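Chain letters run A, B, ... following the sequence lines, proteins first and then strands; every chain starts at 1. A quick note: this is a predicted structure, and the numbers were derived from the prediction, not measured.
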Amino acid sequence: MVDETPAPPEGFIRQIIREELAAGKIDGVVTRFPPEPNGHLHIGHASAICQNFLVAETFGGRCHLRFDDTNPAAEEAHYADRMMEDIRWLGFDWGEHLHYTSDYFEQIFEFACVLLREGTAFVCDLSSEEIAAHRGTLKEPGTASPYRERSPEENLDLFQRMRAGEFAPGERVVRAKIDMGSSVLPMRDPVLYRIQATAHPRTGTTWPIYPMYDFAHSLSDAIEGITHSLCSHEFVDRRPLYDWILEHVGIPTPRPRQIEFGRVGLTHTVMSKRHLARLIDAGIIPGWDDPRMPTLSGMRRRGYTPESIRNFCTGVGLTRQPKTVDLARLEFEIREHLNEVAPRFMGVQRPLKLIVENYPEDGSEELSAVNNPQDPTAGSREVPFSRELWIEQDDFAEDPPKKFHRLTPGKEVRLRYAYLVTCTDVVKDADGQVVEVHCRYDPETRGGDAPDGRKVRGTIHWVSARHAIPAELRLYDVLFRDEEPDPRDEGFEDALNPDSLKTLDPAWLEPSLAEAPAGTRLQLERLGYFCVDPDSTADRPVLNRIVGLRDTWGKLAKRGKA
RNA sequence: UGGGGCGUCGCCAAAUGGUAAGGCAGCGGCCUUUGGAGCCGCCAUUUGCAGGUUCGAAUCCUGCCGCCCCAGCCA
C-alpha cells in the first residue's frame, strides 16, 4: 500500500500476533483507527494511524477507519472530512471500511438489552454527582447504587422508555453490574448509556440516548470483526471492562483483543488539543494549519512529506514505552527525503548588492545550473547572470572570522554555476554599514571551473538583481524553547519561542521560481528546504522554510563566539 | 503494597539466560562548484538501585527507587 516506507520494525505487537497465528487462535488480522471527530489530527495520531495500518499490512489484513461518534455534544461532521483528508494524504487507504459507531446504535442498544435481561446491567436513577460519590476513591471501595437490584423486567421497561425520550438528560443511566469494590475504577458499575438532548450529526434526533465509549468501542470492534484493537496506554485500565463487555454480551471467541502501546510526542511542542487551542485563542498562532503546529494539516502546509512522517513514525518503533522523540529525528527524515527529490534553486534571504565591475553594463547571459545533484535525471536549467547581483549578507565579511571561506576583501570565491570573482571594494553608508560590495570576475571561469586548476574554497549563491523576483520567506522555528514544555506549569506560555516565525521580505529568487504552484517543495541552495505557501500570489511567491540545511559552519561560528 | 504501567547512551531502540545491534544527536577526519550530500572513525566494561540464583543475568528471583495512568453521564 505504501511503497516508499521501509518495512517497519517488528515490535511487541507483531510478536504477539505471530504467536496467536502460530497457535491457531486467529486466522487473520483486522485493525482499526478510531478517532472521535472532534479535533485535528497531529503527529501523535499519525503514529497510531501508521501502526494500525502497517500492523494489518504486515499480516495481509486490513485496517478500518471508524469515527467514534458517540458524543454529539462534542462532535462535528466537518472534523471527519478533515481527518479523512489527512489520513489519505499520509498514504493510507481504508477501502470499503469507512465506518461510524453511530451506524451500530441499534445493535449496541440490543446488546444493552441482553445485559439488562441477564441481570448484568441495570438502570440507575442516581444523579451524576451521586454516582461519583458512590464510586469511592482510589483507595476506598465504592458503594452499591440503591437501584442495583432492579428486576430485569423493570430495567428493560425503563430502558425502552429512556429510548422513547421519556426522561430528561441526567435523570437515568444504564450501568453495568460488575463490582463496586474493584480496585480497577472502570469496573465499579460503569455507566453504559446516558441520555443526551443534543442532535447527532448523523442520526439527528432519532436517539435521545447514547452509549458510552467503553460499551460502544468494544462492541463496534466486535461487530466489525476487529482482531486487534490497538490503542494508547491510558486505556490499559479499561481492558478488563472491554473484555467483560464482550464476554457478557455473548460475543463468541476469538474476541477482539485490546493491546496498548506508548504514545509518541515531540520535543519543543505539545500535542494536547486543549493547549494547542489555547495558542490559537490567544492569537499567538493564527490557525490549526499554521506551519508551526504539530497537526498534520500544519505539517503539510509547512512542507513535510507524507513519506517523511511515515518514516518518522515507523522509525521510532512500536513499544509500550511512552516517548518524546527529539525534533531532530523528524528533521532528519524530511531532509533525507527532500535531499533525494527536491529540485535546487538559488535565492537570497538577506540581500546585499554585489557589483561585478568588469562585466558589461547592460550585458547578461544564461548559465546552466544542475537541478538536483542527487538525481541525474532531474536535468538542468538556465539561470540569468548580469553585472549587478544579490548575494547573502552572511556571505560577505569585511573582517572575517577564522575559517571563513566566503567573500572578503581581496579574496576570490566562486559564484555557483557562474564565475570566480575577487572582491575589490566595499561601499558603506553614513553609518558605516556595508551597502555594496564590488568585485571583478575572471571570464575564463564561466560555469565556475578554473582552467588553470586553481583551488577556490568558497562557493556562494547569488541571483541577478535585474532578473530576480521578490518573494516573502517565512522562517519557522520551534514553538517552545523548552524541550519538554509542561502545560501544567504556571509559566507555560512564557516558554513560547518569540521567534517561532521570522518573515524575510523582500527576499530575491531566481526567475524560474516565478510560477511554482502552492505545495511545491524545493531546496534553496545553501539555505534549506522550502515549500510554496498558498498565500502566494501571481507576482509574489511566499515560501515556508520546512527545515534548514545541516549547518556545520553555523555550529562552528556559534561555538567560536561562545 | 488501592490498582495498573514504564525504566537499556542526550533522544529513540535491539537483544527472548551465552557475554550490550542500529538510528538520531554529538565529536574528529576525508571529500566536495551547496560549509549540503557522501565517505571513514569515535561515542554504554554495562542495562534505575541493592542483593540473590547461575559456569554465565539487561533477561530469572527478592527488596527498594523514580516517573506515568485511573475517582466524566468525555473519548
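- Contact annotation: A:Thr137 side-chain N/O to B:rA71 OP1/OP2 distance is not under 4.0 Å.
- At a threshold of 4.0 angstrom between heavy atoms, the contacts of A:Ser128 include nucleobase atoms, whether or not backbone atoms are also involved.
- The listed nucleotides are B:rG36, B:rC6, B:rA75; the one nearest the side chain of A:Pro322 is B:rC6.
- Across all strands, A:Phe235 comes closer than 4.0 Å to base atoms (heavy-atom distances).
- Checked by atom type, the side-chain pair A:Glu36/A:Tyr79 shows no donor-acceptor distance below 3.5 Å.
- Residue A:Met212 is classed as a sugar-phosphate contact, given heavy-atom separations below 4.0 Å to backbone atoms only.
- In this structure, the nucleotide among B:rA14, B:rG35, B:rA75 sitting nearest to the side chain of A:Glu75 is B:rA75.
- Comparing B:rU16, B:rC24, B:rG3 by their closest approach to the side chain of A:Ala328 singles out B:rC24.
- Comparing B:rC49 with B:rC9, their P atoms sit 10 Å apart, to the nearest whole Å.
- A distance of about 15 Å separates the P atoms of B:rC64 and B:rG4, rounded to the whole Å.
- At the heavy-atom level, A:His233 lies under 4.0 Å from the strands shown only through sugar-phosphate atoms.
- Nucleotide B:rG51 is shown with an anti base, its glycosidic torsion being more than 90° from 0.
- A:Asp221 and A:Ser229 share a side-chain donor-acceptor pair at under 3.5 Å.
- Across all strands, A:Arg344 comes closer than 4.0 Å to base atoms (heavy-atom distances).
- Using a 4.0 Å heavy-atom distance criterion, A:Leu420 is classed as making no nucleic acid contact.
- A:Asp237 comes within 4.0 angstrom of a base, heavy atoms only.
- Taking atom C1' in both B:rG38 and B:rU46, one finds a spacing of 34 Å when rounded to whole Å.
- Taking atom C1' in both B:rA58 and B:rA50, one finds a spacing of 16 Å when rounded to whole Å.
- Closest to the side chain of A:Arg526, out of B:rA37, B:rC11, B:rU34, is B:rU34.
- Taking every side-chain heavy atom of A:Arg550 into account, B:rG36 is the closest of B:rG36, B:rG2, B:rA75.
- The residue A:Arg406 sits close to a base: some heavy atom pair falls under 4.0 Å.
- Less than 6.0 angstrom separates the ring centroid of A:Tyr419 from the ring centroid of A:Phe385.
- Looking at heavy-atom distances under 4.0 Å, A:Gln523 makes contact with a base.
- Of the candidate nucleotides B:rG35, B:rC11, B:rC74, B:rC74 has the atom lying nearest to any side-chain atom of A:Glu36.
- For B:rC64, the paired nucleotide is B:rG48, the pair qualifying as Watson-Crick or G-U wobble because both relevant distances are below 3.5 Å.
- B:rA44 and B:rA25 have their C1' atoms separated by 16 Å, given to the nearest Å.
- Residue contacts for A:Tyr417: at a heavy-atom cut-off of 4.0 Å it reaches a base atom on one of the strands shown.
- Looking at heavy-atom distances under 4.0 Å, A:Thr70 makes contact with sugar-phosphate atoms alone, never a base.
- Relative ring orientation between A:Phe109 and A:Trp207 is described as tilted, the plane-to-plane angle lying within the 30° to 60° band.
- Residue A:Leu549 places its side chain closer to B:rU34 than to any other of B:rC73, B:rU34, B:rA71.
- Pair check for B:rC39 finds B:rG29; Watson-Crick or G-U wobble, both atom distances under 3.5 Å.
- Two rings, from A:Phe261 and A:Phe12, have their centers 6.0 Å or more apart.
- Rounded to a whole angstrom, the distance from the P atom of B:rG10 to that of B:rG18 is 26 Å.
- For A:Trp553, taking side-chain heavy atoms from C-beta onward, the closest of the listed nucleotides B:rG26, B:rA75, B:rG35 is B:rG35.
- Side-chain contact, A:Glu260 with A:Gln258: a donor N or O sits under 3.5 Å from an acceptor N or O.
- Checking B:rU34, B:rC12, B:rA71 against the side-chain heavy atoms of A:Leu185 singles out B:rA71 as nearest.
- Distance noted for atom P between B:rG7 and B:rA15: 13 Å (whole Å).
- If you run side chain to side chain donor-acceptor pair (under 3.5 Å) between A:Arg406 and each of A:Asp395, A:Thr459, A:Asp394, only A:Asp395 comes through.
- Rounded to a whole angstrom, the distance from the C1' atom of B:rU59 to that of B:rA21 is 16 Å.
- Residue contacts shown for A:Phe404 include a base, since a base heavy atom lies under 4.0 Å away.
- At the heavy-atom level, A:Lys455 lies nowhere under 4.0 Å from the strands shown.
- Taking a cutoff of 4.0 Å between a charged side-chain nitrogen and a carboxylate oxygen, A:Glu234 and A:Arg263 qualify as a salt bridge.
- Atom-to-atom, CG of A:Leu330 to C1' of B:rA25 comes out at 14 Å; the value is rounded to the nearest Å.
- Each of A:Asp326 and A:Arg414 has a nearest nucleotide on RNA chain B; the 5'-most of these lies closest to A:Asp326.
- Closest to the A:Lys139 side chain, of the nucleotides B:rG23, B:rG2, B:rC73, is B:rG2.
- Side-chain N/O atoms of A:Arg274 include none lying less than 4.0 angstrom from OP1 or OP2 on B:rC74.
- The interatomic distance linking A:Asp551 (CG) with B:rA25 (P) rounds to 14 Å, in whole Å.
- Residue A:Gln374 is in base contact, counting any heavy-atom pair closer than 4.0 Å across all strands shown.
- Pairing for B:rA58 is absent, with no Watson-Crick or G-U wobble pair whose two atom distances lie under 3.5 Å.
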